[in-house]
Amino acid sequence: MAKEKKTWVVPEGQELTEMDRIILSFQHRGKKVPTRDLIKTPEQIDGIRKAGVLNTAVLDAVAEMIRPGISTLQIDELVYNFTTKHGGIPAPLNYEGFPASCCTSVNDVVCHGIPSAREILEEGDIVNVDCTTILNGYYADASRMFVIGGKTEPRWQQLVDVAWQCLKIGEQVCSRPYVFVGDIGNAIANHAHKNHMSVVRDLCGHGVGLEFHEPPDVEHYGHKGTGMLLVPGMTFTIEPMINLGHWEVCSDPDDPTGWIVLTADEEASAQWEHTYLMTENGVEIITH
Ligand code: MF3
Ligand code: CO
Ligand code: CO
């Protein structure tokens, strides 16, 4: 019995393409398949690509200036100024009450850290800077880790490296179309666990492009063959959050906005993110 809704519909009188046939066969077997609106048109893909180019330039500018002694607010100011100077809008600003242009998540902050003049970066801090750029209405989303001063504790460096490897492993799973979101999560979690680290469960990757967050949810754990089928034309992020300790997170009790997410056990957390386009030959990185 099919357990998923029949979301893939071919308009009456329209001839089936090869892609329709493949998707319909998965749907018939009860798998979760996309809706047609998640398949971007060539024009939309072009727009998302351009947003990706600007988003990458923003992160490159951050990489140039990030160093011991600066505040995370200085990063935020750079992101705002650079993005708007090039005709873009930082998507986080005022998004559901988020008060800044990017997220800066230091050490035991898992994600959604809020830049602050009081937060001065020190040598050995590990910082995720997460930027999302809107350009001509199209979105691209990516984040990188920075080791402040270039050196940190070996265990923290290992965390940063394993989180990066997790992103690359997720990407490798997507080296062909018609894989499932659960295939990505399964491979990522296996790699994290092999390294005695854990995968955050409360936050996930997502479709992106016409909006900040679209279906599907891209969980970084789970079972092969579950979650949505990824087909050519879909644009989505992979953004594993990996913890040195336990996967459990909590919101920062001192943050009145409720946005800042911390590890519950106060151990460090690391994350990398790219926006991807699924093609007939597997994913392409849109935020290089
Ligand atoms: N960029 C984050 C993501 O990867 C979302 C941040 S929401 C914000 O999905 F409001 F905090 F910016
Ligand atoms: Co992001
Ligand atoms: Co994202």
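Partners of F146 by ring pair (Phe, Tyr, Trp, His ring centres under 6.0 Å), not counting sequence neighbours: none found. Legend: residues meeting side-chain contact (heavy atoms from CB on, under 4.5 Å) with T237, ordered by chain and number and at least two apart, are D141, H206, V208, E239, E273, T275. The side-chain contact (heavy atoms from CB on, under 4.5 Å) check on E211 picks up E214, with sequence neighbours excluded. T133 is linked by a side chain to side chain donor-acceptor pair (under 3.5 Å) to N55, counting only residues two or more places apart in sequence or in another chain. Checked against side-chain contact (heavy atoms from CB on, under 4.5 Å), S25 has the following partners two or more places apart in sequence or in another chain: R29. When the ring pair (Phe, Tyr, Trp, His ring centres under 6.0 Å) test is applied to H86, the partners found at least two apart in sequence or on another chain are F82. Scanning for ring pair (Phe, Tyr, Trp, His ring centres under 6.0 Å) contacts around H196 gives an empty result, with sequence neighbours left out.
Counting only residues at least two apart or on different chains, the side chain to side chain donor-acceptor pair (under 3.5 Å) pairs with a member in residues 107-120 are T72-E119, N107-D125. Among residues at least two apart or in separate chains, there is no ring-ring contact (aromatic ring centres under 6.0 Å, His included) pair with a member in residues 47-72. Applying the ring-ring contact (aromatic ring centres under 6.0 Å, His included) rule to pairs touching residues 229-253 yields nothing, sequence neighbours excluded.
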Tell me which donor-acceptor pairs under 3.5 Å the side chains of residues 149-157 have, and how far apart each pair is, sequence neighbours excluded?
from: T152; atom 1: OG1; to: G124; atom 2: O; distance (Å): 2.7
from: R155; atom 1: NH1; to: Q158; atom 2: OE1; distance (Å): 3.1
from: Q157; atom 1: NE2; to: D161; atom 2: OD1; distance (Å): 3.0

Could you list the donor-acceptor pairs under 3.5 angstrom formed by side chains in residues 93-101, with sequence neighbours left out?
from: Y95; atom 1: OH; to: H213; atom 2: ND1; distance (Å): 2.8

